[in-house]
Number of protein chains: 2
Amino acid sequence: MASQTEENYLKALFNLANPAGEVNISELANQMNVSMPTVNSMVKTLQKNGWVIYQKYKPVQLTPEGQKTAALVIRQHRLTEMFLVNKMGFGWEEVHAIAEQVEHIHAPKFFERMDELLGFPTIDPHGSPIPDKMGRIKETHYVCLDTCEAGQTVVLAALTNSSTEFLEFLNSRNLSLGTQITIHSKETYDQSMVVSYLQNERETLSEKVCEKLLVRIIGE
Amino acid sequence: MASQTEENYLKALFNLANPAGEVNISELANQMNVSMPTVNSMVKTLQKNGWVIYQKYKPVQLTPEGQKTAALVIRQHRLTEMFLVNKMGFGWEEVHAIAEQVEHIHAPKFFERMDELLGFPTIDPHGSPIPDKMGRIKETHYVCLDTCEAGQTVVLAALTNSSTEFLEFLNSRNLSLGTQITIHSKETYDQSMVVSYLQNERETLSEKVCEKLLVRIIGE
DNA sequence: CAATTTTGTTAGATTAATCTAACTTTATAC
DNA sequence: GTATAAAGTTAGATTAATCTAACAAAATTG
């Protein structure tokens, strides 16, 4: 059984993997906020446990078992976030830090009860997909708002970043998942967009914000 | 901040303390399932952190800060048990193992929300008192069923032991907190009691069971 | 393509939590 | 009140997770 530390490395590997499933030691060190030698020795441990494939000076890759273990921790994290928001009244900006701890609890029934009470949700409060009990993830195909064009109508579906600061920014602008947004114009100079939604008739969203918003296009 | 391991030692000290607040190294070793040298070194660590008073060859004692820290972990444990039973549909025999993990989460708001959602309970599903936010415990004064006499009517209020096996035994006999019990006779030979409650007209409870049941006397 | 920079590895130390073996102090018991 | 038993301590080792310093390989770049 993976230790909490090992689970955190597996999660990081899962999230950092490029299309080929590879992660560099330095990327992992950076993500985990530890030194490269620490990652080097941890990767050897993960390999001994059958969770990664690794050869000196090569990038690391999760094995299928490593992927499944990682996905199940991510499942517990996202179910927890959903439970905190939908059943305990927390704001979407408050739940990450708590879920980082709860995700490591070893008690399958605990998370199965959450899942049931929530009605088997498929996405978390930030729009990220919740892996199923087998660790499979249903891929979603949203587009990034910054690739959309003036005239289109879209619905906010997910975020590529869920930092507290960004979530508080979205709260301050009354933006939440499901909000229907109409794109009025796109500034070629700085890629900012003028949009409207709900009561907001004319809101400007910077490129920095637009590139973090994933949407479904529903019109034009 | 206490590590999970330290929190577990503080809890054990809190629970093992005799009326003078003292705990022997061997008792603690036994409770924690570790060797005496391990306890010896851990007790020195706890002392460095100001949680215990300790002198070579003397029993250990929690300081007021140690007591408060322990009580707050116990608070989190008991609130969690109550939440699992009352809000998530678990049986009282299922919650201990999960609460042992959840109690170590460092997120005051998480437990405050549980407390609110539960309506600020003062006892857990096994009748044990829930310490308040300051770590204070409201002392309850129940009597042990084995000290009761034939003819008395009592209400089951708490348990002195909450092992899964004992809880499953109580389930099998339809006994739960709040059940009103009438004592018909007490066998002087083996201290067993013949009692009635609910639909059960004639149930025999062994001494081993009676000594684990705490009751409020309500009649005769 | 040689020089430099970046990335990765090895070696060795540290801290927390644990162990066993050996020794010491305190308690128990004739 | 000494002998034995029980309880407690010390010393030294182990494992997991981390670090820094020094070195090696790979990538970048003039």
Side-chain angles (χ1 to χ4, degrees), chain A residues 1-14 16-18 20-62 66 69-70 73 100-101 103-106, chain B residues 1-14 16-18 20-62 66 69-70 73 100-101 103-106:
Chain A
M1 199 169 57
S3 70
Q4 290 199 189
T5 306
E6 288 166 338
E7 288 184 347
N8 284 332
Y9 278 91
L10 293 176
K11 260 201 314 174
L13 283 164
F14 193 97
L16 292 174
N18 66 19
E22 297 169 337
V23 180
N24 296 322
I25 301 293
S26 59
E27 290 177 273
L28 191 47
N30 185 56
Q31 173 81 12
M32 295 297 297
N33 266 298
V34 298
S35 67
M36 289 206 295
T38 300
V39 170
N40 183 274
S41 83
M42 177 55 72
V43 158
K44 288 173 182 170
T45 304
L46 296 177
Q47 185 173 39
K48 257 188 228 110
N49 291 317
W51 290 314
V52 303
I53 294 164
Y54 171 62
Q55 285 171 279
K56 259 195 187 182
Y57 298 108
K58 294 270 158 63
V60 196
Q61 264 186 296
L62 283 172
T69 305
V73 176
E100 283 287 305
Q101 299 179 66
E103 69 186 7
H104 299 295
I105 288 172
H106 290 284
Chain B
M1 199 169 53
S3 69
Q4 290 199 189
T5 306
E6 288 166 339
E7 288 184 348
N8 284 332
Y9 278 91
L10 294 176
K11 262 202 312 174
L13 284 164
F14 194 96
L16 293 173
N18 67 18
E22 295 170 338
V23 180
N24 295 323
I25 300 293
S26 58
E27 292 177 273
L28 190 48
N30 185 55
Q31 173 79 15
M32 294 297 296
N33 267 298
V34 297
S35 67
M36 289 207 296
T38 300
V39 170
N40 183 274
S41 85
M42 180 52 75
V43 158
K44 288 174 182 171
T45 304
L46 296 177
Q47 184 172 40
K48 254 188 230 114
N49 291 317
W51 291 313
V52 304
I53 293 163
Y54 170 63
Q55 285 172 279
K56 260 194 187 185
Y57 298 108
K58 294 268 158 63
V60 196
Q61 266 185 297
L62 284 172
T69 305
V73 176
E100 283 288 305
Q101 298 179 66
E103 70 187 6
H104 299 295
I105 287 172
H106 291 284

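Letters A, B, ... mirror the listed sequences (proteins, then strands); counts begin at 1. Because only heavy atoms are used, hydrogens play no part in the values below, and waters and symmetry mates are left out as well, while side chains stay in.
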Legend entry - Nucleotide nearest B:Y57 (side chain, heavy atoms from C-beta), chosen from C:dT10, C:dT18, C:dT26: C:dT26
Inset, instruction - Output the single nucleotide from C:dG8, D:dA21, D:dT18 whose closest atom is nearest the side chain of A:N24. - result: C:dG8
Legend entry - Backbone N/O of A:A20 and side chain of A:Q61: donor-acceptor pair under 3.5 Å: yes
Legend entry - N or O in side chain of B:K58 less than 4.0 angstrom from D:dG8 OP1/OP2: no
Legend entry - Nearest listed nucleotide, side chain of B:N40, among C:dT18, D:dT10, D:dT18: D:dT10
Inset, instruction - Compare side-chain N and O positions of B:S26 against OP1 and OP2 of D:dG8 and report whether any pair is under 4.0 Å apart. - result: yes
Inset, instruction - Among D:dC19, C:dC19, C:dT18, find the nucleotide with the atom closest to the side chain of B:P37. - result: C:dC19
Legend entry - Per B:K44 side chain, nearest of listed nucleotides C:dG8, D:dT10, C:dT18: D:dT10
Legend entry - Nucleotide of C:dT20, D:dT18, D:dC19 approaching B:S35 most closely (side-chain heavy atoms): C:dT20
Inset, instruction - Could you check whether A:T5 gets within reach of a base, just the sugar-phosphate, or nothing at all, counting any heavy atom under 4.0 Å? - result: sugar-phosphate
Legend entry - Presence of A:S3 side-chain N/O under 4.0 Å of D:dA17 phosphate oxygens OP1/OP2: yes
Inset, instruction - Identify which nucleotide among C:dG8, C:dT10, D:dT20 has an atom closest to any side-chain atom of A:I25, counting heavy atoms from C-beta outward. - result: C:dG8
Legend entry - Distance test, side-chain N/O of A:K56 to OP1/OP2 of C:dT7, below 4.0 Å: no
Inset, instruction - Please check the phosphate of D:dC19 (OP1 and OP2 only) for any side-chain N or O of A:T38 closer than 4.0 Å. - result: yes
